[in-house]
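Just below is one structure, and these are the notes that go with it.
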Amino acid sequence: MKKILVTGALGQIGSELTMYLRKLYGFDSVIASGLHKKDNAVVIESGPFELIDVQNAKQLYDCVKKYNVDTIIHLAAILSAVGEDNPSLAWKINVDGLFNTLEVARENNCAVFTPSSIAAFGPTTPSDQTPQLTIQRPTTMYGVTKVSGEILCDYYYQRYGVDTRGVRYPGIISYVTLPGGGTTDYAVHIYYDALLKGKFTCNLSKGTFMDMMYMPDALDAVVQLMEANPENLINRNAFNITAMQFDPELIYLEIKKHIPDFTIDYNIDRVKQKIADSWPNSLDDSAAQEEWGWKPKYNLESMTIDMLDKLKEKLAK
Ligand code: NAD
Ligand code: SER
């Protein structure tokens, strides 16, 4: 990776990944892009920034040519809850946007990283220790777009030799940029509300287990996979990766160890609950471990200590 273009760079993952990559590869070597120039001044001002709508293939093409890009980190997407509100927009951005990205990569000999998600699985998938290769019949439009994207990336590698790689991210927890409208967002909001209000109303029920990961591990995964020796990659795309599994009660109890008066109650969002119930309880990430050495650093305990510290600092400013 020498010249990297990040799409969707102002989102939850992009805002941190762009800065992480700039520190590793050089500030001028990572071109951030987004739909607008609001928020995240640090991303917009610390290196090159371009306005790119991934539905516009010409904007992507021109940017790749302008900077001589060799790697596209494609993060522009609509997440699960927003996707259920607007399925046709989710299809256009998640599938047509990825198709444009892959075409531009093919024409310009770029590698592509694209995240899939735990949402690529559905109610008929084995939900405990979900295997790398298994049944994928998701019941959300977001999930449909993620499975389509996985297959599209495989196709571009097999048919054209485009170096496509990717992971199935679990819910990502972070303190820099708020999540963009997913089902796992509660696991971020709970930390904010614990510090700001001392109480949290959870929109998912006790017992709703899902895979989760702290942002520093999510960032490392991109670099480790993109720098991995291609000869060792049997799967290439859509690697299951995970760091921890919990339900709302477990994360609440972990935070309560640090904030003893913290309370929780429940007001279930039926749409989000149905989505969460259709996703796995726990992924088997042994393929990622074996093929490129995947190993997360954070668990629920260490993530909670760090999240509370960093959020306290942020909220005090
Ligand atoms: P996000 O919603 O926070 O950010 C996505 C960004 O894409 C936003 O800044 C948005 O403005 C931008 N965008 C939307 N439409 C666009 C368009 N037409 N052109 C260009 N940009 C556009 O999402 P995120 O959490 O940062 O997710 C990044 C990727 O990781 C997505 O593919 C998502 O599906 C995947 N993922 C995220 C999680 C998670 O928990 N955050 C989990 C699994 C997978
Ligand atoms: N965190 C994402 C969501 O809930 C999972 O892909 O939509």
Side-chain angles (χ1 to χ4, degrees), residues 5-18 32-40 43-44 49-57 59-60 63 72-86 89-98 100-101 112-121 138 140-150 153 166-174 176-189 203-204 208 210-215 217-219 221-222 238-243 269 271-273 275-276 278-280 283:
L5 167 64
V6 183
T7 71
L10 301 180
Q12 186 193 8
I13 297 175
S15 57
E16 294 203 51
L17 184 59
T18 301
S33 71
L35 279 180
H36 53 75
K37 270 191 147 184
K38 291 180 286 188
D39 313 322
N40 288 305
V43 172
I44 294 167
F49 183 88
E50 296 285 335
L51 288 172
I52 295 182
D53 180 337
V54 296
Q55 296 174 95
N56 185 329
Q59 287 178 356
L60 277 165
C63 180
I72 305 174
I73 307 287
H74 179 61
L75 302 177
I78 297 292
L79 273 76
S80 59
V82 179
E84 282 316 278
D85 278 349
N86 196 339
L89 183 70
W91 179 268
K92 284 183 193 136
I93 293 174
N94 295 8
V95 181
D96 296 345
L98 174 60
N100 290 338
T101 303
V112 179
F113 174 89
T114 318
S116 183
S117 161
I118 48 173
F121 300 115
T140 60
M141 179 51 97
Y142 177 65
V144 170
T145 68
K146 286 297 173 188
V147 177
S148 308
E150 292 182 4
C153 287
V167 296
R168 292 184 183 125
Y169 274 137
I172 305 298
I173 295 160
S174 66
V176 173
T177 303
L178 283 168
T183 304
T184 58
D185 295 11
Y186 90 88
V188 176
H189 294 302
N203 56 24
L204 298 179
T208 308
M210 287 184 283
D211 289 280
M212 301 277 179
M213 182 178 296
Y214 195 32
M215 184 64 87
D217 285 324
L219 305 183
V222 178
F239 280 96
N240 282 1
I241 58 169
T242 186
D269 176 324
V271 174
K272 286 191 178 175
Q273 185 65 51
I275 296 174
S278 76
W279 292 353
L283 297 185

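First listed ligand is number 1; within each ligand, the first listed atom is number 1.
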Q.
Show the nearest heavy-atom pair for residues Tyr142 and Ile78, with the distance to one decimal.
A. CD1-O, 3.0 Å
Q.
Tell me the closest heavy-atom pair linking Thr242 and Met212, and the distance in Å.
A. OG1-O, 4.1 Å
Q. Where do Ser15 and Leu10 land on the side-chain contact (heavy atoms from CB on, under 4.5 Å) test, with the steps shown first?
A. CA-CA 5 Å; Ser15 57; Leu10 301 180; 5.8 Å; no
Where is the nearest protein heavy atom to [atom]: which residue, which atom, and how far?
atom	answer
atom 6 (O) of ligand 2	Ser117 OG, 2.6 Å
atom 1 (N) of ligand 2	Thr184 OG1, 2.7 Å
atom 4 (O) of ligand 2	Thr183 N, 2.6 Å

(Q) Quick check against the 3.5 Å criterion: does Thr208 have a side-chain atom that pairs as donor or acceptor with the backbone of Leu204? (A) no
**Q.** Donor-acceptor under 3.5 Å (Glu150 side chain, Ser116 main chain)
**A.** no
Less than 3.5 Å apart, N/O on ligand 1 and N/O on the protein: could you list those pairs with the distances?
from	atom 1	to	atom 2	distance (Å)
ligand 1	3 (O)	Gln12	N	2.8
ligand 1	9 (O)	Gly11	N	3.3
ligand 1	18 (N)	Asp53	OD1	2.9
ligand 1	19 (N)	Val54	N	3.0
ligand 1	26 (O)	Gln12	N	3.3
ligand 1	26 (O)	Ile13	N	2.9
ligand 1	32 (O)	Lys146	NZ	2.9
ligand 1	34 (O)	Tyr142	OH	2.5
ligand 1	34 (O)	Lys146	NZ	3.0
ligand 1	40 (O)	Ile172	N	2.9
ligand 1	41 (N)	Gln12	OE1	2.9

Q) What part of Tyr169 sits under 4.0 Å from ligand 2 if we count only heavy atoms: the side chain, the backbone, both or neither? A) neither
Q | ligand 2-proximal atoms of Trp279, by part, heavy-atom distance under 4.0 Å | A | side chain
Q) Which of these passes side chain to side chain donor-acceptor pair (under 3.5 Å) with Thr145: Asn94, Thr140, Asp96? A) Asn94
Q. What are the atoms of ligand 2, with element, lying closer than 4.0 Å to any heavy atom of Leu79?
A. 2 (C), 7 (O)
**Q.** Nearest neighbour of atom 3 (C) of ligand 2 from the list Ala77, Ser80, Ala187, on a heavy-atom basis
**A.** Ser80
Q) Do Ser33 and Thr7 have side-chain N/O donor and acceptor atoms under 3.5 Å apart? A) no
(Q) Checking side-chain polar atoms at under 3.5 Å, does Glu16 have a donor or acceptor matched by the opposite partner on Thr177? (A) no
Q: Please name all residues satisfying salt bridge (charged side-chain N to carboxylate O under 4.0 Å, His left out) with Glu84, sequence neighbours left out, ordered by chain then number.
A: none
